[in-house]
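Structure record follows, encoded as structure tokens.
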Amino acid sequence: LLLPSQKYTAVGLLGKATDTLDATGIITEEKPYDQVTKGDLENVLQKFTGDIMQVPPLYSALKKDGERLSTLMKRGEAVEAKPARPVRVYSLSLQQFQPPLFTLDVECGGGFYVRSLVNDIGKELSTCATMQELTRTKQGPFTLEEHALYEDKWTIDEIARSLEHCTSLLSGEPSHKKLKTEHPGETAVSCE
């Protein structure tokens, strides 16, 4: 199943880890991060670029016996981590470093979890990290900058124009209905 590439801007927080790997979770670990330099962070990013193996988060849309892992976790059921699986990172760059915060630009393939990336980066730096913010800036041919229709432009004409423009972009994309029929449920799993 080929999902289109997507781009994200993510803000990570050094020194804290949570059970959900993001700011909504309960803090599970705290570690010093003063030793981490911008150079350390940039060097570590190279290890997470290309075809890599990634363990998906326990709190995720992935399913066990037909139920989302996140639903099972919230019910307090014991959930085993899914095995690491291959994912693709087309590009990964550091945009800002103001300890304890760091901002990344990530372009990745389908099934990739940016939360897991931020968590893994923290471990690789001998500290811990959790994702604070995530913005999807591109999904297939659509970019936030060019194709988002902001609230002040929510008129019938603007919406119609936007739909027409987006439909023309999709004409070259594979049929998602066909993909959904062949792989029920799988297309629901996105990067985050």
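In this chain, numbering begins with 1 at the start of the sequence shown.
Residues Tyr33 and Pro100 come closest through the heavy atom pair CZ-CB, 3.6 Å. Nearest heavy-atom pair across Gly25 and Asp19 is CA-OD1, 3.2 Å. Scanning both residues, Val87 and Gly111, for their nearest heavy atoms gives CG1-O, 3.9 Å.
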Does the pair Tyr8 and Thr135 meet the rule for a side-chain contact (heavy atoms from CB on, under 4.5 Å), with working shown?
CA-CA 5 Å; Tyr8 293 91; Thr135 307; over 6 Å; no

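Sequence neighbours left out, the pairs with a member in residues 124-134 that pass side-chain hydrogen bond (donor to acceptor under 3.5 Å, both in side chains) are Thr18-Thr130, Lys47-Glu124. Residue pairs meeting the salt bridge (Lys or Arg N to Asp or Glu O under 4.0 Å) criterion with at least one partner in residues 91-102, sequence neighbours excluded, do not occur; the list is empty.
Residues Tyr113 and Val11 do not share a hydrophobic cluster, clusters being chains of Ile/Leu/Val/Met/Phe/Trp/Tyr side chains in contact below 4.5 Å. Following chains of ILVMFWY side-chain contacts shorter than 4.5 Å, one cannot reach Val118 starting from Ile27, and the two form parts of different hydrophobic clusters. In the hydrophobic clustering of ILVMFWY residues, with side-chain heavy atoms under 4.5 Å counting as a link, Leu13 and Val106 come out apart. Hydrophobic clustering keeps Phe97 apart from Leu101 (ILVMFWY residues linked when any side-chain heavy atoms are closer than 4.5 Å, directly or through intermediates). Under the 4.5 Å side-chain contact rule for hydrophobic residues, Val89 and Met131 share a cluster.
Rounding to the nearest 0.5 Å gives a distance of 9.0 Å between CZ of Phe112 and CZ of Phe48. To the nearest 0.5 angstrom, Thr9 atom OG1 is 4.0 Å from Asp105 atom CG. Considering CD1 of Ile52 and CZ of Arg85, their distance stands at 11.5 Å, rounded to 0.5 Å. Atoms CD and CG, on Gln54 and Asn119 in that order, are 10.0 Å from each other to the nearest 0.5 Å. If you take CG on Leu104 and CG on Leu45, they are separated by 6.0 Å, rounding to the nearest 0.5 Å. To the nearest 0.5 Å, atoms SG (Cys128) and CD (Glu29) are separated by 4.5 Å.
Checked by atom type, the side-chain pair Arg136/Gln6 shows a donor-acceptor distance below 3.5 Å. Side-chain contact of Thr24 with Asp22: a donor-acceptor pair under 3.5 Å is present, judged by distance alone.
Here the side chain of Arg88 pairs no donor or acceptor atom with the backbone of Gly50 at under 3.5 angstrom. Here the side chain of Thr28 pairs a donor or acceptor atom with the backbone of Ala17 at under 3.5 angstrom.
You'll find the side chain of Ser116 reaches within 4.5 Å of the side chain of Leu21, heavy atoms only. You'll find the side chain of Leu94 stays beyond 4.5 Å of the side chain of Thr103, heavy atoms only. Taking 4.5 Å as the limit, some side-chain heavy atom of Leu117 sits within range of a side-chain heavy atom of Leu92.
Val44 pairs in a side chain to side chain contact (heavy atoms under 4.5 Å, CB included) with only one of the listed residues (Val36, Asp120, Ile121), which is Ile121.
Counting non-hydrogen atoms of other residues, nucleotides and ligands closer than 6.0 Å to CD of Glu164 gives a total of 12 or fewer.
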